[in-house]
Amino acid sequence: MRGEDHRRSLANLRGIDAERIALILLIAKGYWPMAQRYLGHSGEIDLIMKRGRVIVAVEVKARKSLEEAALTITPAKLRRIGLAMNQFRSKHRLSDEYVYRCDAVLIA
C-alpha cells in the first residue's frame, strides 16, 4: 500500500504544479482568480477566474499527452463542475449579468 500512497502523493503534487502553471497563464491573459480548488457539495473546481463580465470554471488536467488529458473530462465531470459552479454563484450572490463558462487547461 505504501507504493500506492507514494504514487498518489506524486500525482497530487503534479496536479498542484499544473494548477499553478494554469493560474499564471490565465493571469497573463487578463483573468483574475476568484477561487482555487473550490469544493462544492457536488464537486471541485480547480480554478474560478474572472475577466470583465466573464466568469470561468477551469478544469486543469496534466497527463503524458494532451489527448489523454482531454479524455479525462467526461460528461459526468462537466455536470459536477456545473453543479459546483451553481453553488459558488449562489454562495457569492453572483447575478445572471455575468457570462459563465467552463474551460480546460491541458498540460502534457
Side-chain angles (χ1 to χ4, degrees):
M1 191 67 173
R2 187 175 270 218
E4 178 65 26
D5 288 343
H6 180 69
R7 280 191 296 277
R8 201 172 284 157
S9 179
L10 286 176
N12 189 45
L13 289 175
R14 278 193 298 272
I16 290 170
D17 286 345
E19 288 173 17
R20 283 190 193 125
I21 291 167
L23 180 64
I24 292 166
L25 171 74
L26 291 166
I27 288 172
K29 290 181 170 275
Y31 290 88
W32 293 102
M34 296 181 76
Q36 289 180 260
R37 292 190 161 210
Y38 174 76
L39 187 58
H41 297 294
S42 55
E44 179 186 4
I45 302 173
D46 294 330
L47 300 170
I48 300 176
M49 307 292 287
K50 180 179 182 236
R51 182 170 72 178
R53 304 193 83 51
V54 177
I55 297 177
V56 185
V58 181
E59 180 69 8
V60 180
K61 291 294 180 185
R63 296 292 189 276
K64 290 181 183 181
S65 72
L66 294 178
E67 182 179 285
E68 189 179 334
L71 289 173
T72 65
I73 303 173
T74 63
K77 178 68 173 172
L78 292 173
R79 243 185 333 276
R80 286 191 301 273
I81 292 170
L83 291 169
M85 184 57 135
N86 284 338
Q87 292 167 359
F88 181 83
R89 286 178 59 189
S90 178
K91 180 180 178 181
H92 294 279
R93 296 188 173 109
L94 297 173
S95 72
D96 288 336
E97 65 189 51
Y98 291 102
V99 173
Y100 297 92
R101 70 173 199 241
C102 181
D103 288 357
V105 174
L106 308 177
I107 298 174

TODO: State the NE2-CG distance between His41 and Leu83, to the nearest 0.5 angstrom.
DONE: 11.5 Å
Open item on the list: Would a single hydrophobic cluster contain both Val105 and Tyr31, if residues Ile, Leu, Val, Met, Phe, Trp and Tyr are joined by side-chain heavy-atom contacts under 4.5 Å?
Closed with: yes
TODO: Under the side chain to side chain contact (heavy atoms under 4.5 Å, CB included) rule, what do Val54 and Val99 come out as? Steps first, then yes or no, please.
DONE: CA-CA 5 Å; Val54 177; Val99 173; 4.2 Å; yes
Open item on the list: Taking transitive links into account, so neighbours of neighbours count too, which hydrophobic residues share a cluster with Ile16 at under 4.5 Å side-chain distance?
Closed with: none
- [ ] Taking side chain to side chain contact (heavy atoms under 4.5 Å, CB included) as the test, write out the residues that go with Ile27, two or more places apart.
- [x] Leu23, Pro33, Met49
- [ ] Considering only Ile, Leu, Val, Met, Phe, Trp and Tyr, and joining two whenever side-chain heavy atoms are under 4.5 Å apart, list the other residues clustered with Leu94.
- [x] Met34, Tyr38, Ile45, Ile48, Ile55, Ile81, Met85, Phe88, Tyr98, Tyr100
Task: Backbone N/O of Val56 and side chain of Arg51: donor-acceptor pair under 3.5 Å - done: no
Open item on the list: Applying a strict under-4.5 Å side-chain criterion to I, L, V, M, F, W and Y, I'd like to know whether Ile21 and Leu26 cluster together.
Closed with: yes
Quick one: side chains of residues 70-79, donor-acceptor pairs under 3.5 Å with protein atoms, not counting sequence neighbours, listed by atom name and distance.
residue, atom, partner, partner atom, Å
Thr72, OG1, Ala69, O, 2.6
Thr74, OG1, Lys77, N, 3.1

Open item on the list: Tell me which pairs pass salt bridge (charged side-chain N to carboxylate O under 4.0 Å, His left out) where either residue lies in residues 97-108, with sequence neighbours left out.
Closed with: Arg53-Glu97, Arg101-Asp103
- [ ] With rounding to the nearest 0.5 Å, note down the distance linking NZ in Lys50 to CH2 in Trp32.
- [x] 11.5 Å
- [ ] Write down the atom of Ser42, the atom of Ala84, and the distance for their closest heavy-atom approach.
- [x] OG-N, 3.4 Å
- [ ] Indicate yes or no: does Asp96 engage Arg89 in a salt bridge with an N to O separation below 4.0 Å.
- [x] yes
Task: Closest contact, heavy atoms only, Glu59 versus Glu44 - done: OE1-O, 4.5 Å
TODO: Keeping to residues at least two apart or across chains, list the side chain to side chain donor-acceptor pair (under 3.5 Å) pairs with something in residues 13-23.
DONE: Asp17-Arg20, Glu19-Arg37
